A.B. asks: 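I have a structure I would like to understand better, so I am pasting it below and will then ask my questions one at a time.
Proteins get letters first, then strands, A, B, ... in listed order; numbering begins at 1 in each. Everything quoted here is computed from the prediction, not taken from an experiment.
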2 protein chains.
Amino acid sequence: MSDVARLAGVSKMTVSRVMAGRSASEATRGRVQRAIEELGYVADAAAGALSSGRSSFVAVLVPSLSSSNFSDTVGGLTAVLEPQGLELLIGDTDYLPEREERLVRQMLRHQPRCIALTGSQHTDATRALLQRSGVPVVEMWDLPTEPIDMAVGFSNVSASREMVRYLAHKGYQRIGFLGGASELDRRGLDRFKGYQAEMKALGLERHRVVRLGESPVTMSHGGPAMAELLERWPDTQAVMCVSDMSAFGAIMECQRRGLNVPRDIAIAGFGNFEIAACCHPAITTVSVDAYGIGQRTGEAIVAALLAEDGEGTRHPAKTRIQYTVVPRESA
Amino acid sequence: MSDVARLAGVSKMTVSRVMAGRSASEATRGRVQRAIEELGYVADAAAGALSSGRSSFVAVLVPSLSSSNFSDTVGGLTAVLEPQGLELLIGDTDYLPEREERLVRQMLRHQPRCIALTGSQHTDATRALLQRSGVPVVEMWDLPTEPIDMAVGFSNVSASREMVRYLAHKGYQRIGFLGGASELDRRGLDRFKGYQAEMKALGLERHRVVRLGESPVTMSHGGPAMAELLERWPDTQAVMCVSDMSAFGAIMECQRRGLNVPRDIAIAGFGNFEIAACCHPAITTVSVDAYGIGQRTGEAIVAALLAEDGEGTRHPAKTRIQYTVVPRESA
DNA sequence: TTGAAAGCGGTACCAG
DNA sequence: CTGGTACCGCTTTCAA
């Protein structure tokens, strides 16, 4: 920066002001810009953050980047935060709370303006860390009874119950469930709990359950799980899956066995992933706006940041995201 | 840090040393650790980077985070770089060179130790920026004739040609191609070029081509494209797709029309995504180790970083990644 | 509108 | 093994 200042014949401060787009005469501005170009000067963000006491980072922690669910949410966040000059520091927890804790600690070192987490399951240390940091926190994809700070999501239990009701209305009674495997995937577990709760409420049997392998649930899990379910309870009329991925795997397994979906057996998914609409038969699913969760989270973050400067007001602690059952061909 | 030092009854320097895991007596170390715990002290990364002149960032730019291809590559990078204490600064270019340029400039502000880009197509300004920065650069997913610095990838042209040869050997002659749409997706374009080159070499017609919409190519593109191809050239025997995603969409379209794949028409994909193995019929494809590209890139980065300190030696400028045609059911 | 000085929170370097 | 000092590159603050 000193070099730029010297070349432009001004002080460092003037260069700093020009770069920040603050008051400066046209002439000076021009000379400074030219000097910057000429030297290929790129300001050091670390120095700026240190000096001003505020970084331009927003930390985002997702369980898995390779799940389109979460990468869509990251996309929504990017769309809202980038125009504000904020940069995302993205971390992948791999569904492990300990890893989340490590990552939170690591991100906190960069003094992020805000930190967005996925879900409501965190270690005590993580909570303590966040509390102490004083940084705004948003929990995404869930609506905890007591958010750390803010939350943007929906009740996976309720959404799952709604799908069960849909299936029951369609006349299916012997309904099975595929998924809810890992204790680490709270959202998957909640969908399982929703299945159980609604089946009980409807007075239907709720033992036709095959739990899956590790999260993230992928399509590869669906096939074997479906095979097991068909073997153990051949009279099953419909199967609800913890995600569209496993639903797809299940449908493919049925096709391999010559079963017609939905005539021989109905299958429903969750999430409304692209594959649900494309695949044949198209998958009946619960639509959740993953990108929208990112956007709304971004908006809540921007509002919280502005509120820090006394401009505008924070969003409410909980932002509820809509979901809908989307009837398609598979159930 | 001063607070920690005061509480532990030592100097700031000693605290700094303890945190860096350098020489310190057991007693001192203990007291410092306790003070850190008690105060919930989290060191400021920006200050550390500024002072030491080196950050712990590695910048990574991918065209799209929601493509499993690239998120797998990011996973491979993470696996190798995280244990080295390096952190990823991830950016999504959306296949736009101008966006890549903006992101490169932005990442450079954080003084990354290294920067990994996808592909070999960059604006002149990007190249200049990188050159001047003096930061090691790795281009992934391609093997440019003249890499900016290092490259880890393979020839999409050659891989594509190999798939055409496979199809021809299987006896197919009237082979079509789906994809290679966007000028921005160099890799897709290269696969298209490979198709043309090999069809020509084999003396086969190469006009049965339907170009797709925007990148990233998704499964939704495959259906309509397949429909168009079937309409225009009903005598087509096999179709090669620019990616497994479009191949899947194409297969679903065939099923909707009551066509049997591969009996009525054969379909091949590219990339060996999870869906290719799961779907029915399973998709014949070109397998590329996306995660491995990330790993190898990570290793090249670590080697380059060590070489900077005079420890060990850099990897060669080009690292070739293997690919193989995987025969499955669809072709 | 511009400039000078101080200092953000760490680490390098050298001395003890 | 430990401490003091300078300084990294920028922004804040205050004065001109």
Side-chain angles (χ1 to χ4, degrees), chain A residues 1-33 35-36 39-57 85 87 105-113 132-135 309, chain B residues 1-33 35-36 39-57 85 87 105-106 108-113 132-135 308-309:
Chain A
M1 187 178 251
S2 301
D3 297 346
V4 174
R6 196 174 316 120
L7 184 59
V10 297
S11 73
K12 268 172 40 180
M13 259 330 293
T14 303
V15 176
S16 174
R17 288 199 189 95
V18 169
M19 298 205 72
R22 282 209 278 279
S23 56
S25 74
E26 268 316 310
T28 324
R29 177 178 305 269
R31 273 182 304 142
V32 172
Q33 293 287 17
I36 289 173
L39 297 175
Y41 169 68
V42 177
D44 181 327
L50 180 58
S51 178
S52 68
R54 61 171 39 179
S55 77
S56 57
F57 285 127
E87 302 172 73
R105 195 183 306 273
Q106 195 177 99
M107 310 231 128
L108 246 21
R109 289 176 35 101
H110 294 288
Q111 317 273 129
R113 301 289 303 278
R132 286 186 117 128
S133 72
V135 168
D309 297 344
Chain B
M1 185 178 252
S2 302
D3 298 345
V4 174
R6 198 173 316 120
L7 183 60
V10 296
S11 74
K12 267 172 44 177
M13 263 325 296
T14 302
V15 176
S16 174
R17 288 200 189 92
V18 169
M19 297 205 73
R22 284 210 276 279
S23 56
S25 74
E26 268 316 312
T28 324
R29 177 177 306 269
R31 272 182 305 142
V32 172
Q33 293 287 18
I36 289 174
L39 296 175
Y41 170 67
V42 177
D44 182 327
L50 179 59
S51 176
S52 68
R54 60 171 41 180
S55 78
S56 57
F57 285 126
E87 302 172 72
R105 194 184 306 272
Q106 192 176 102
L108 246 21
R109 291 175 33 102
H110 295 287
Q111 316 274 127
R113 302 289 302 279
R132 288 185 116 129
S133 73
V135 168
E308 282 180 354
D309 297 343

A.B. asks: For residues B:Gln33 and B:Val18, report the shortest heavy-atom separation together with the two atoms involved.
C.D. replies: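 Scanning both residues completely, I find the closest heavy atoms to be NE2-CG1, 4.2 Å.
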A.B. asks: To the nearest 0.5 Å, what is the distance between OG1 (B:Thr14) and CE (B:Met1)?
C.D. replies: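 Between atom OG1 of B:Thr14 and atom CE of B:Met1 there are 10.0 Å.
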A.B. asks: Could you pull out all residues at least two apart from B:Arg113 that satisfy side chain to side chain contact (heavy atoms under 4.5 Å, CB included)?
C.D. replies: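 B:Arg113 satisfies side chain to side chain contact (heavy atoms under 4.5 Å, CB included) with B:Arg54, B:Ser55, B:Leu86, B:Leu305, B:Glu308 only.
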A.B. asks: On DNA chain D, which is the earliest and which the latest nucleotide, 5' to 3', with an atom closer than 4.0 Å to a heavy atom of chain B?
C.D. replies: D:dC1 to D:dG9
A.B. asks: Among all residues two or more places apart in sequence or in another chain, which pass the side chain to side chain contact (heavy atoms under 4.5 Å, CB included) test with B:Leu7?
C.D. replies: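 B:Leu7 satisfies side chain to side chain contact (heavy atoms under 4.5 Å, CB included) with B:Ala35, B:Glu38, B:Leu39 only.
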A.B. asks: Counting primed atoms plus P, OP1 and OP2 as sugar-phosphate and everything else as base, spell out the protein contacts along nucleotides 6-14 of chain C at 4.0 Å heavy-atom distance: B, S or - for each nucleotide, 5' to 3'.
C.D. replies: -BBBBBBB-
A.B. asks: Of all residues at least two apart in sequence or in a different chain, which pass the side-chain hydrogen bond (donor to acceptor under 3.5 Å, both in side chains) check with B:Ser52?
C.D. replies: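 If we apply the side-chain hydrogen bond (donor to acceptor under 3.5 Å, both in side chains) test to B:Ser52, skipping adjacent residues, there are no hits.
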A.B. asks: Per the salt bridge (charged side-chain N to carboxylate O under 4.0 Å, His left out) rule, what does the pair list look like for residues 2-25 of chain A, sequence neighbours excluded?
C.D. replies: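 Found A:Asp3-A:Arg6.
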A.B. asks: Applying side-chain hydrogen bond (donor to acceptor under 3.5 Å, both in side chains), can you list everything that pairs with B:Ser56, at least two apart in sequence or on another chain?
C.D. replies: B:Glu87
A.B. asks: Axis-to-axis angle across the helix from C:dT1-D:dA16 to C:dG16-D:dC1, five pairs an end, to 10 degrees?
C.D. replies: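 Here the helix ends are tilted 30° relative to one another.
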A.B. asks: Under the side-chain hydrogen bond (donor to acceptor under 3.5 Å, both in side chains) rule, collect the residues that match up with A:Ser51, sequence neighbours excluded.
C.D. replies: none
A.B. asks: Does B:Ser133 have any side-chain hydrogen bond (donor to acceptor under 3.5 Å, both in side chains) partners at least two apart in sequence or in another chain, and if so, which?
C.D. replies: none
A.B. asks: Restricting to salt bridge (charged side-chain N to carboxylate O under 4.0 Å, His left out), what partner residues turn up for B:Arg132, sequence neighbours left out?
C.D. replies: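 Salt bridge (charged side-chain N to carboxylate O under 4.0 Å, His left out) list for B:Arg132, sorted by chain: empty.
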